[in-house]
Participant: 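First the structure, then my questions, so here it is.
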Amino acid sequence: MPFPMSLALLTLVALAIDQSPVEPSQRGDWIRTPSGLSYKVLVPGAGDVAAAGHSVTIHEITSLPDGTVVYDSRARNTPVTFTLGANQVITGVDEGVTGMRVGERRRLEVPPSLSRRTSYPPNTPKDATLCIEVELLGIRKTGGLR
């Protein structure tokens, strides 16, 4: 087999392997979970790990893929507190925050299937992917915020 043909064949095989559904699949520094959520750790944390049932406090900046910011808790100086796994936030945020360490920052790409929203954030198409940067500020297990 001539060299250019074998190189083309190897390229096709590599592309097929790269697109195969390995879950969770990792592509570069982005991780894709079986549900379709993609996330990237921007800043590692060093504190406790968030798990279902914990009350967590986060800052979040939600934007559309074109960069339009639709919500920014930092700009409003209003951190968001919710219980993980209690359906108090969209599924993509519940899943994306689970496993984070206090102090960690992640960028989430939440497909419409994981946002189950009707009109929030305002003026956001229901079929839009949401880009959400989250920072885990604290966890309350049974006692105070850590």
Side-chain angles (χ1 to χ4, degrees), residues 7-146:
L7 182 58
L9 182 59
L10 286 174
T11 301
L12 286 173
V13 169
L15 286 173
I17 290 171
D18 188 45
Q19 295 175 3
S20 65
V22 177
E23 298 178 348
S25 63
Q26 191 167 352
R27 187 173 189 184
D29 48 3
W30 282 89
I31 295 171
R32 183 176 168 95
T33 69
S35 70
L37 173 74
S38 294
Y39 70 90
K40 175 181 182 176
V41 176
L42 303 175
V43 177
D48 290 339
V49 177
H54 292 166
S55 175
V56 296
T57 301
I58 64 169
H59 263 309
E60 71 169 288
I61 301 170
T62 302
S63 60
L64 300 176
D66 69 3
T68 303
V69 174
V70 293
Y71 179 76
D72 185 346
S73 70
R74 219 178 265 292
R76 297 172 184 226
N77 197 27
T78 54
V80 178
T81 299
F82 61 96
T83 301
L84 275 176
N87 295 320
Q88 296 174 344
V89 294
I90 63 173
T91 305
V93 171
D94 242 350
E95 182 180 343
V97 172
T98 300
M100 288 181 71
R101 292 187 171 274
V102 173
E104 184 173 327
R105 279 187 28 226
R106 286 185 182 178
R107 180 166 173 88
L108 313 176
E109 288 186 358
V110 181
S113 61
L114 297 178
S115 67
R116 68 166 166 48
R117 64 190 184 281
T118 54
S119 63
Y120 179 83
N123 304 317
T124 305
K126 291 179 186 176
D127 62 347
T129 294
L130 298 178
C131 303
I132 305 173
E133 186 173 312
V134 295
E135 178 182 3
L136 181 57
L137 302 174
I139 298 172
R140 187 169 37 91
K141 295 178 181 179
T142 55
L145 195 61
R146 297 182 206 241

Participant: Show the nearest heavy-atom pair for residues Val110 and Gly92, with the distance to one decimal.
Facilitator: CG1-CA, 3.9 Å
Participant: Looking only at heavy atoms, what is the nearest atom pair of Ser35 and Leu114, with distance?
Facilitator: OG-CD1, 3.5 Å
Participant: Could you report the tightest heavy-atom contact between Val41 and Glu104, atom names first, then the distance?
Facilitator: CG2-OE2, 3.6 Å
Participant: For the atom pair SG (Cys131) and CG (Leu108), what is the distance rounded to the nearest 0.5 Å?
Facilitator: 9.5 Å
Participant: Kindly write out the residues that satisfy side chain to side chain donor-acceptor pair (under 3.5 Å) with Ser38, not counting sequence neighbours, or none if the list is empty.
Facilitator: none
Participant: Work out which heavy atom in Thr83 is nearest to a heavy atom in Gly53; give both atom names and the distance.
Facilitator: CG2-O, 3.7 Å
Participant: Return each pair, listed once, that meets salt bridge (Lys or Arg N to Asp or Glu O under 4.0 Å) where at least one residue sits in residues 78-102; pairs must be two or more places apart or across chains.
Facilitator: none
Participant: Could you give the distance from CZ (Arg105) to CD1 (Ile61), rounded to the nearest 0.5 Å?
Facilitator: 8.0 Å
Participant: Only counting residues at least two apart or in another chain, list the ones meeting side-chain contact (heavy atoms from CB on, under 4.5 Å) with Thr81.
Facilitator: Ser55, Thr57
Participant: Which residues satisfy the side-chain contact (heavy atoms from CB on, under 4.5 Å) test with Ser113, sequence neighbours excluded?
Facilitator: Pro111
Participant: Mind listing the closest non-hydrogen atom pair of His59 and Ser73 along with its distance?
Facilitator: ND1-OG, 2.8 Å
Participant: Taking only residues at least two apart or on different chains, which pairs with a member in residues 71-85 satisfy salt bridge (Lys or Arg N to Asp or Glu O under 4.0 Å)?
Facilitator: Arg74-Glu135
Participant: State which residues pass side chain to side chain donor-acceptor pair (under 3.5 Å) with Asn77; sequence neighbours excluded, sorted by chain then number.
Facilitator: none
Participant: Can you list every salt bridge (Lys or Arg N to Asp or Glu O under 4.0 Å) pair that touches residues 33-47, not counting sequence neighbours?
Facilitator: Asp29-Lys40
Participant: Holding to side chain to side chain donor-acceptor pair (under 3.5 Å), I want the full list of residues that pass it with His54, two or more places apart in sequence or in another chain.
Facilitator: none
Participant: Kindly compute the distance separating OG1 (Thr129) from CG (Asp66), expressed to the nearest 0.5 Å.
Facilitator: 11.5 Å
Participant: Grab the two heavy atoms, one from Ile132 and one from Val93, that are nearest each other, plus how far apart they are.
Facilitator: CD1-CG2, 3.7 Å
Participant: Could you check whether any side-chain heavy atom of Tyr39 comes within less than 4.5 Å of a side-chain heavy atom of Thr33, counting everything from C-beta outward?
Facilitator: yes
Participant: Enter the distance from Tyr71:OH to Leu130:CG here, rounded to the nearest 0.5 Å.
Facilitator: 13.5 Å
Participant: Who are the side chain to side chain donor-acceptor pair (under 3.5 Å) partners of Glu109, not counting sequence neighbours?
Facilitator: none
Participant: What distance do Glu133 atom CD and Glu60 atom CD have between them, rounded to the nearest 0.5 Å?
Facilitator: 11.0 Å
Participant: Quick one: pull up CZ in Arg107 and CG in Leu42 and give me the separation to the nearest 0.5 Å.
Facilitator: 8.0 Å
